[in-house]
Amino acid sequence: MNHLKKKVRTYGDWLSRWRCLPVGAWIHAAEQYQKGDFQTAATLYKEGLLSHPNSPAKLNALLDLAHCLFRLRRFEEAENYLRQATVVAPHERESYVRLARLQLWLGHDTEAVWTMRVCIQRVSADPELAALFITAVVESGANSATVNEAQELLAGLHCDHGFPRLEVARTRLALLAEESATSRDTLSKLASIDRGPFEAVVAFAEVLLKEGKLAYARHHLHRALVVAPEHPKVLRLLAQSYLSQGIFFEPEYAVQLAQKACQATAWRGVHEMLVLAQAYIAASDNAAALLVASRAKDVAARLIGVYPEVARIEQMLQSSAPGSQM
């Protein structure tokens, strides 16, 4: 009886929200989604999309399906369904936000710039969208044109300082454009706040790595790992910290961390594979380095934009070739 009441209530809620007949597959999918059975949920969401391609609830189904696929590390499928969502509802911001976050997770930063640029053209810019766009600009290596575009977006955005992620993005953009000590200090303060913005912690750790302050960098990276233990960029930066010559040089440990980073991107992260190749070379495993570098080069060739890592991958392929001297 309780099961029947629950079913009636669920169907009633559906009719009230969507004003159409319920899609049984999606209702069951949502139940499995809540239980964490993402494989079953994904199958059910796909069944519903095939049987009800014009349902008013299609957008929500696409977003939930993409999340299931993300959790299953089926990133290419997740990206395809999120792109479908932007076509189904071109003025719905959530589709673009999720797509850009997925692209940033994979390190496909130039693609994230394009995603957020289209989003901001179709949806009024707000602090979250601005923060995502600026983050993508900074992560992509930021040429002068995109830096100017990000600065113009900031100048036209009217909001107070109550959005930590936007403050982090603003500070990182200033640091990139000006390399000022003030911006570095601001980022340091944001990163040092107890339970402060995750993005600030990772960004400041990256600054510390470039400055050669490995112990401090690792401190912040371990803080970030507590929050996101499978975050590919955090794992990659931590691996890099073990590739610097000196007392911290531990190439075998760098290999382990870089492998985890690659797995977290399902071997689609160019940055992560590049660091793994470097780690293999440092560990004198040139054959493995060649294999990973080749794979990274193939992935980079399919992405939009220019990835400076490609030239370094070419150098690795040459230096790892049989008969070359390391």
Would you find a donor on one side and an acceptor on the other, under 3.5 Å apart, between the side chain of [X] and the backbone of [Y]?
X	Y	result
Arg98	Leu63	yes
Arg236	Leu274	no
Trp267	Val292	no

If the plane angle is over 60° it's perpendicular, under 30° parallel, otherwise tilted; pick one for [X] and [Y].
X	Y	value
His231	Phe198	tilted
Tyr242	Tyr253	perpendicular
Tyr45	Tyr33	perpendicular

Linked, directly or transitively: Leu82 and Leu59 (ILVMFWY side chains, under 4.5 Å)
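As far as the 4.5 Å side-chain criterion goes, Leu59 and Leu82 are connected within one cluster.
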Is there side-chain contact between [X] and [Y], with at least one heavy-atom pair below 4.5 Å?
X	Y	result
Glu139	His271	no
Arg302	Val299	yes
Glu206	Arg172	yes

If you count every heavy atom of other residues, nucleotides or ligands that lies below 6.0 Å from Glu230 atom CD, does the total exceed 12?
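No, CD of Glu230 has 12 or fewer neighbouring heavy atoms, counting only those of other groups under 6.0 Å.
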Testing the 3.5 Å rule here: is there a donor-acceptor pair between the side chains of Thr182 and Asp185?
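Side-chain D/A pair, Thr182 to Asp185: absent.
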Hey, is Arg101 close enough to Glu128 for a salt bridge, meaning N to O under 4.0 Å?
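A salt bridge links Arg101 with Glu128.
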Determine the sole option in Val113, Thr115, Thr110 for which the side-chain contact (heavy atoms from CB on, under 4.5 Å) test with Gln103 is passed.
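Exactly one candidate clears the test, Thr115.
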Report the residue from Leu154, Val138, Ile120, Thr146 that forms a side-chain contact (heavy atoms from CB on, under 4.5 Å) with Phe133.
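Only match with Phe133 under side-chain contact (heavy atoms from CB on, under 4.5 Å): Ile120.
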Step by step, would you call Arg83 with Glu111 a salt bridge (charged side-chain N to carboxylate O under 4.0 Å, His left out)?
CA-CA 12 Å; Arg83 290 187 187 280; Glu111 300 201 353; 3.6 Å; yes
Could you state the interatomic distance from CG (Asp64) to CD (Gln32), rounded to the nearest 0.5 Å?
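So the gap between those two atoms works out to 13.0 Å.
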As an exercise, state the distance from NE2 of His220 to CZ of Phe204, rounded to the nearest 0.5 Å.
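Rounded to the nearest 0.5 Å, the NE2-CZ separation comes to 5.0 Å.
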